[in-house]
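First the structure, in the form of structure tokens, and then the observations on it.
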Amino acid sequence: MTLGKTLFSQSEIQRRVGELAAQISLDYKGSDLLAVCVLKGACMFFADLIRMIDLQLITIEFIALKSYIKDTSSGDVRLLYDTLDDIKGRDVLIIEDIIDTGLTIQKTIDIIKGKSPNTLKICALLNKRPQGGTQNVRRKIDVTIDYIGFNIPDKFVVGYGLDYQEMYRNLSEIRILDI
Ligand code: IMP
Ligand code: MG
């Protein structure tokens, strides 16, 4: 298992995060946005994104879920903890690191929907999807992702918050892990 090719450098990530933030700022103009960070993987993306969002009324909350064992989704997504008290009637944007099978994001959506938000959208930095447009074969849930940073090939990636067995989260760039 070794660190492989850099998929996105620090500057490429920052540029794309800026574009997403600009779009979100436009779309949520006049509403009071509640941004929910899905821990731990989205921590870096979340911190960068919300600092680039140009809105006065933005509040933040956190949710922590776990599904992966080593490099494979276990299929069993567990809620570890959350700070989601004040969701009712809010315009909620879930900020996630990466969507693979879709199970983690679906669980997050279910939890938040159960708390009656006004609107609910998804923002994911990475979306695993084969090049050429056909569906990811592991995708189990047909979830609509409202904001996507990058579509990536079906490879295991680490860095910028994403881990392999809790390692590599602190890399500034996103790299492929050769397993
Ligand atoms: P899903 O539930 O299969 O969609 O996977 C989503 C979760 O698994 C993400 O929130 C990540 O934490 C983790 N994950 C999926 N693919 C990768 C990867 O390539 N590298 C690191 N973590 C991943
Ligand atoms: Mg995650």
Side-chain angles (χ1 to χ4, degrees), residues 1-10 12-13 16-17 20 34-50 60-84 92-114 120-179:
M1 190 198 62
T2 47
L3 271 178
K5 181 178 156 227
T6 297
L7 261 191
F8 305 108
S9 67
Q10 189 171 10
E12 286 170 320
I13 296 169
R16 185 67 188 126
V17 173
L20 290 172
L34 171 56
V36 176
C37 174
V38 184
L39 294 171
K40 302 175 192 167
C43 64
M44 310 277 180
F45 175 43
F46 183 79
D48 285 342
L49 183 74
I50 62 170
I60 62 172
E61 300 293 348
F62 297 89
I63 184 168
L65 301 145
K66 205 174 185 77
S67 73
Y68 262 52
I69 299 171
K70 291 196 177 170
D71 65 336
T72 313
S73 174
S74 69
D76 170 33
V77 184
R78 284 185 300 126
L79 172 66
L80 298 180
Y81 55 88
D82 70 68
T83 63
L84 305 172
V92 177
L93 180 63
I94 300 173
I95 316 291
E96 174 62 304
D97 53 358
I98 185 166
I99 316 255
D100 184 13
T101 62
L103 290 169
T104 304
I105 197 68
Q106 188 58 54
K107 175 91 177 177
T108 313
I109 291 169
D110 291 346
I111 291 168
I112 293 177
K113 273 206 174 143
L120 180 58
K121 285 192 184 181
I122 317 296
C123 174
L125 178 64
L126 304 174
N127 179 38
K128 271 194 200 174
R129 208 186 68 175
Q131 305 303 295
T134 42
Q135 267 291 351
N136 173 342
V137 287
R138 278 196 312 279
R139 185 67 49 91
K140 295 196 172 72
I141 315 270
D142 185 21
V143 55
T144 302
I145 312 166
D146 302 280
Y147 305 94
I148 295 175
F150 302 100
N151 287 304
I152 64 162
D154 189 8
K155 296 268 178 2
F156 199 82
V157 295
V158 293
Y160 195 61
L162 290 120
D163 73 307
Y164 174 73
Q165 294 187 292
E166 297 301 326
M167 291 178 297
Y168 307 115
R169 291 194 197 274
N170 60 320
L171 295 175
S172 313
E173 68 279 6
I174 295 174
R175 297 178 65 167
I176 290 175
L177 190 70
D178 296 319
I179 300 174

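In listed order, ligands and their atoms are each counted from 1. Predicted model, so just to flag it, every value in this text is computed and none were measured.
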Exercise. Which bit of Glu96 is near ligand 1, meaning a heavy atom under 4.0 Å away: side chain, backbone, both or neither?
Worked result: side chain

For this session: Indicate yes or no: does an N/O atom of Asp100 lie under 3.5 Å from an N/O atom of ligand 1?
Result: yes

For this session: Check ring pair (Phe, Tyr, Trp, His ring centres under 6.0 Å) between Phe62 and all other residues, then give those that pass, not counting sequence neighbours.
Result: Phe46

Problem set entry | Spacing of OG belonging to Ser67 relative to CZ belonging to Arg78, to within rounding of 0.5 Å | 9.5 Å

For this session: Using a strict cut-off of 4.0 Å, indicate which atoms of ligand 1 neighbour a heavy atom of Thr101.
Result: 1 (P), 2 (O), 3 (O), 4 (O)

Exercise. Taking atom CG of Leu39 and atom CD of Glu96, what is their separation to the nearest 0.5 Å?
Worked result: 9.5 Å

Exercise. Can you find an N or O of Ile105 that's nearer than 3.5 Å to an N or O of ligand 1?
Worked result: no

Problem set entry | ligand 1 contacted by Asp97 (non-hydrogen, < 4.0 Å) | yes

Seminar exercise, completed: By ring pair (Phe, Tyr, Trp, His ring centres under 6.0 Å), Phe8 pairs with (sequence neighbours left out) Phe150

Problem set entry | Minimum side-chain heavy-atom gap Leu65-Ile111 below 4.5 Å | yes

Exercise. Which atoms of ligand 1 have any heavy atom of Lys128 under 4.0 Å away?
Worked result: 16 (N), 17 (C), 18 (C), 19 (O)

For this session: Would you give the length of the straight line joining atom CG of Asp178 to atom OG1 of Thr2, rounded to the nearest 0.5 angstrom?
Result: 4.5 Å

Exercise. Taking the non-hydrogen atoms of Lys140, is any one of them nearer than 4.0 angstrom to ligand 1?
Worked result: no

Exercise. Any non-hydrogen atom of Lys107 lying under 4.0 Å from ligand 1?
Worked result: no

For this session: Report, in ascending order of atom number, the atoms of ligand 1 lying under 4.0 Å from any heavy atom of Lys155.
Result: 19 (O)

Exercise. Using heavy atoms and a threshold below 4.0 Å, how should the contact between Val157 and ligand 1 be classified: side chain, backbone, both, or neither?
Worked result: both

Problem set entry | Side chain to side chain, Lys107 and Thr104, heavy atoms closer than 4.5 Å | no

